[in-house]
Structures are given as C-alpha cells and as structure tokens.
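Computed over heavy atoms, backbone and side chain alike; hydrogens, waters and symmetry mates excluded. Start at 1 and go down the list; that is how both ligands and their atoms are numbered.
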Amino acid sequence: MAAEAERAARPQALCLVLLGPPGSGKGTQAQILSRRWGIPAISTGDMLRSAVTSGSELGRKVGSIMADGGLVDDHTMAEVVRRRLEHDDAAHGFLLDGYPRTLAQADTLEEMLQRQDRSLDGVVLIRVPEAELIRRTLSRRRLDDSEEVVRRRLRLYEEKTEPLVGYYQQRDLLRVVDGDRAIEAVTDGIEEAVGESA
Ligand code: ADP
C-alpha cells in the first residue's frame, strides 16, 4: 500500500521509539517502517551528521564529540528533537531513532510530547547478542572511526542508554524484538510487536 493510503487508513498517530545498541539495525528498520507506515523516521545521528557536513553552528558544536564517540549534551539534543517534532510531517506520528539515549532525555521527551497533547505508543528494543554487535559495528564502521571509538559507543550505550529498558518497562511501553535475523524478519517482528500494542 502506498504510504499516503496507509496513513489515511491508520486511525491515529503512531509515536514510536526504536531502542538498541549501535549495530542493532535501528536505522535500517526505521527507514523501512517509515515508508511502510507513512510516518517520518527521525534519526538524531543523521541530523547531527548533516549539521556537521553543512558546517552550521550546531555542527561546529557537536563535530568533535561525535568523532570521539561521546554523547552530545541533553540540552542541545532537546532543542534538536523539539524542533523536529514540531514539523507538520510528524503530526501523524514518528519513528525516533537515536533519541532518547539517557534517562534525562527520556523524561524530556515525555514532557515534550505531553505539551503537544500526545504520548509514546511504544518503545521497540531491538536485541542483538554482543558478539554479533561487535562484528557488525567493526565491519561497517565509518572510515574515520577507530576501533576504540566503536567500543566507546557500545560502552556508553550500556552505561547511559540501557537503563531506558527498565524505564520503559515500568511504563508498560517496552516491546522486545529479536534483531539477530534477516532484515525482513526483524521488520515483521516489529510490526507484530507494535500491532499488539498500538
Ligand atoms: P550509532 O552509530 O551509535 O547508531 P547514531 O548515528 O545514532 O549512532 O549517532 C551518532 C552520534 O551522534 C553519537 O555517537 C552521538 O555522539 C551523537 N548523538 C546522536 N543522538 C544523540 C543523543 N540522543 N544524545 C547524545 N548524543 C547523540
């Protein structure tokens, strides 16, 4: 079905977060589902990378942090995401990829959505065994990423982002999907997991 038709067929907006470590395939799944459901995939990593490429003020601020595999501060990220969620195309829902990454960001997102009179419909955790993650991230790493930077991203995920699993479990929003299979099988898994809840 064409994206427009699917959106029309969807009774209400679908606000989803995709959660998972670097290499879990969030970005790939967000792209596929965005086309299928006619809602935007919002990737904070892509947004920041294009800011760096364009040399904007934001790009100059975050360039070296990203290159080192660090996390951009919560305040800056809140501004980036708030503006993006106010776009018309996000009125019918969205797939957030790369945000929230910390507990503070999760609280901020909740407040942001509350102010727009909406809330998350679900959070999909794409689970992949650690050995497979390391294999994937090392093989696809960008030219300028050292192994050390890749490992730092994984470590920061465990430290700062993994606590979101419990956070969203408590809110009964978490859906876990096995990401250690073919791309299409993961997409089907997400559709199934979300279909039950949204
Ligand atoms: P990954 O390669 O881990 O999938 P992304 O493409 O999502 O990473 O993001 C790349 C980089 O952008 C991160 O390593 C981080 O420096 C920055 N970044 C993206 N989203 C956030 C966020 N929500 N909070 C802090 N930093 C972020």
Review point. What part of Met66 sits under 4.0 Å from ligand 1 if we count only heavy atoms: the side chain, the backbone, both or neither?
Key: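 Looking at Met66 and ligand 1, atoms from backbone and side chain both fall under 4.0 Å.
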Review point. According to a 4.5 Å side-chain heavy-atom criterion applied to Ile, Leu, Val, Met, Phe, Trp and Tyr, with indirect links allowed, do Val62 and Ile42 form part of one hydrophobic cluster?
Key: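 Val62 clusters together with Ile42.
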Check your understanding: Out of curiosity, does Ile39 fall in the hydrophobic cluster containing Met47 (side-chain heavy atoms, cut-off under 4.5 Å, transitive links)?
Key ->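 No.
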Review point. Is the cationic atom of Arg155 (NZ for Lys, CZ for Arg) positioned less than 6.0 Å from the six-membered ring centroid of Tyr157 and within 45 degrees of its normal?
Key: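 Judged by the rule, Arg155 and Tyr157 form no cation-pi pair.
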Should you measure from each heavy atom of [X], which atoms of ligand 1 turn up under 4.0 Å away?
X	answer
Tyr99	23 (N)
Val72	24 (N), 25 (C), 26 (N)
Gln105	22 (C), 23 (N), 24 (N), 25 (C)

**Study point:** Polar contact flag, side-chain donor to acceptor under 3.5 angstrom, Glu110-Ser119
**Key:**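 No, because no side-chain N or O of Glu110 sits under 3.5 Å from a partner of the opposite role on Ser119.
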Check your understanding: Do Thr102 and Asp74 have side-chain atoms, one donor and one acceptor, less than 3.5 Å apart?
Key ->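 A pair is found: one side chain offers a donor N or O, the other an acceptor, under 3.5 Å apart.
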**Study point:** Backbone of Val52 reached by a side-chain donor or acceptor of Arg60 within 3.5 Å
**Key:**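 No, because the side chain of Arg60 does not come within donor-acceptor range (under 3.5 Å) of the backbone of Val52.
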Review point. Any donor-acceptor pair under 3.5 Å linking the side chain of Arg101 with the backbone of Gly98?
Key: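 Yes; judged by distance alone, with no hydrogens or angles, the pair exists.
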For [atom], which of the options [options] provides the nearest non-hydrogen atom?
atom	options	answer
atom 18 (N) of ligand 1	Leu48, Thr44, Val80	Leu48
atom 7 (O) of ligand 1	Arg101, Lys26, Arg153	Arg101
atom 15 (C) of ligand 1	Gly70, Gly20, Pro22	Gly70

Practice item. Looking only at distances, please establish whether an N/O atom of ligand 1 is found under 3.5 Å from an N/O atom of Arg49. Key: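 Yes; at least one N/O pair falls below 3.5 Å.
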Review point. Judging by distance only, is a nitrogen or oxygen of Leu71 under 3.5 angstrom from one on ligand 1?
Key: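 Between Leu71 and ligand 1, no N or O pair is found under 3.5 Å apart.
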